Amino acid sequence: MAVERTHKVTLIPGDGIGPEVSAAVVKIVEAAGAASGVGFEWHTYAAGADAFEKTGEYIPKELYESVQQNKVALKGPVTTPVGGGFASINVTLRKKFDLYANFRPVKSLPGLETKYPNIDLIIFRENTEDLYAGLEHEIVPGVAESLKIITEKGSTRIALSAFEYARKHGRKKIHAIHKANIMKLTDGLFLRCCRKVAESFPEIEYKEHIVDNTCMQLVLNPYQYDIILTENLYGDILSDLCSAFVGGLGLVPGANLGVECAIFEAVHGSAPDIAGQNKANPTALLQSAVLMLHHLNETETANKVQAAIEQVYREGKKLTRDVGGSSGTSDFADAVLEALASPVAAS
Ligand code: ATP
């Protein structure tokens, strides 16, 4: 089919498993788009240690300009050195483009057996503040301090994102997750903002849970949660926990949303333990691309990709090792491409 419209997307393949999963995703998105007359122009940039080697900058100026111009990016994981080195590329990009809402839907895939079937919950994580502000210093040797920043503006806008989403998509319940019994000022402010926003959405049930209890409650009965609304650090930790309900980090997608720009990336990191071995599961980044296609109003292409992913999971023959299969990244990607070419309706 002739290309009717082309989307310019900044592509950050990342490092670790990033290049493998990104290559698979680009192939699949292009194939799905081509069948509907949708083209993509990928503007590709390195970030992190790879970029530093080539350009002397961890985030090249051209990458910033590209995201600013295209307004949409698809991003693989970029390794953040532990305990030293450069600042997290992920956090820096989220702050730079004020991508304040981290949207992470956690949904079971058909055919994939897990301990908790039919999970369908969403995490709305504040993405620019909290202990992630990175305001750390050593007061004297042996004493370090990290500042937790919570603002009325930041808390109100993430709460609004969650409630507006719930209203638009018919979701019923929002839990604000906090530790305001201990962090009375910061988490107390976060909760006050959530409560105020909740007043304008009387049709949505609003509840509050303390974060440690939430971990237990999630494992006991995740079905009690519909939308989780929380701060940056709790959201990060709860996302990994929730990913286990649906089969692990290889599956869960994410979107970093701001007023102007959006960066789509999986919940998982660069997984150095399996990098370069054709073992990584590209589903999480592929489902992030599905979120991106919805964001670009390419609903038909988004639905085609999602249906193809689900077909491959229902058939269960070409799954990667993390979800109990024995296929490699490229075999899984080929299976999704085949499913795109020969769709089978779900029974
Ligand atoms: P970060 O802190 O950067 O988010 P992380 O500490 O959560 O990273 P990951 O790099 O996400 O760690 O990896 C955690 C575990 O999950 C590793 O054992 C890794 O191999 C596995 N894993 C992560 N992503 C995938 C994937 N796409 N496919 C298969 N396994 C994965």
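As the structure lists them, so they are numbered: ligands from 1, and atoms in each ligand from 1. Since we're looking at a predicted model, the values are computed, not measured. The first residue of the sequence shown is numbered 1, and numbering continues consecutively from there. As a basis for the values below, the full set of heavy atoms in this structure was taken, side chains included, without hydrogen atoms, waters or symmetry mates.
- The nearest heavy-atom contact from the protein to atom 31 (C) of ligand 1 is Ile274 CD1, 4.0 Å.
- Exactly one of Tyr225, Tyr165, Tyr234 qualifies for a ring pair (Phe, Tyr, Trp, His ring centres under 6.0 Å) with Phe124. That residue is Tyr165.
- Distance check on atom 10 (O) of ligand 1: some protein heavy atom falls below the 4.0 Å cut-off.
- Listed by number with element, the atoms of ligand 1 under 4.0 Å from a non-hydrogen atom of Ala280 are 28 (N).
- When Thr214, Asp187, Thr186, Asp212 are each tested for a side-chain hydrogen bond (donor to acceptor under 3.5 Å, both in side chains) with Lys179, only one passes: Asp212.
- The closest approach between any non-hydrogen atom of Asp273 and ligand 1 is below 4.0 Å.
- Residue Ile17 touches ligand 1 through its side chain alone, judged by heavy-atom distances below 4.0 Å.
- In this structure, Lys172 contributes its side chain and Gly170 its backbone to a donor-acceptor pair below 3.5 Å.
- For atom 28 (N) of ligand 1, the nearest protein heavy atom lies closer than 4.0 Å.
- Not a single heavy atom of Thr80 sits less than 4.0 Å from an atom of ligand 1.
- Linking Ile, Leu, Val, Met, Phe, Trp and Tyr whenever their side-chain heavy atoms come within less than 4.5 Å puts Tyr45 and Ile263 in one cluster.
- With respect to the salt-bridge test (charged N to carboxylate O, under 4.0 angstrom), the residues Arg171 and Asp120 qualify.
- Here the protein heavy atom with the shortest distance to atom 16 (O) of ligand 1 is Leu249 CD1, 3.8 Å.
- Aromatic pair Phe332/Tyr313: ring centres closer than 6.0 Å.
- Only one option out of Glu126, Glu129, Glu136, Glu231 pairs with Lys148 in a salt bridge (charged side-chain N to carboxylate O under 4.0 Å, His left out); it is Glu231.
- Polar contact with ligand 1: present for Ala271 (N/O pair, distance under 3.5 Å).
- Taking 4.0 Å as the cut-off, Ser270 counts as a neighbour of ligand 1 on heavy-atom distance.
- Salt bridge absent: Glu152 and Lys196 never bring a charged side-chain N and a carboxylate O closer than 4.0 Å.
- Salt-bridge annotation for Asp334 and Lys318: absent, with no side-chain N of the basic residue lying under 4.0 Å from a carboxylate O of the acidic one.
- With respect to atom 7 (O) of ligand 1, the closest heavy atom belonging to the protein is Asp240 OD2, 3.4 Å.
- Within the set Ala266, Gly269, Gly16, Ser243, the minimum heavy-atom distance to atom 1 (P) of ligand 1 is found for Gly269.
- In Asn281, the parts holding a heavy atom less than 4.0 Å from any atom of ligand 1 are both the side chain and the backbone.
- Among His268, Glu265, Arg321, Glu20, the residue whose heavy atom lies closest to atom 24 (N) of ligand 1 is His268.
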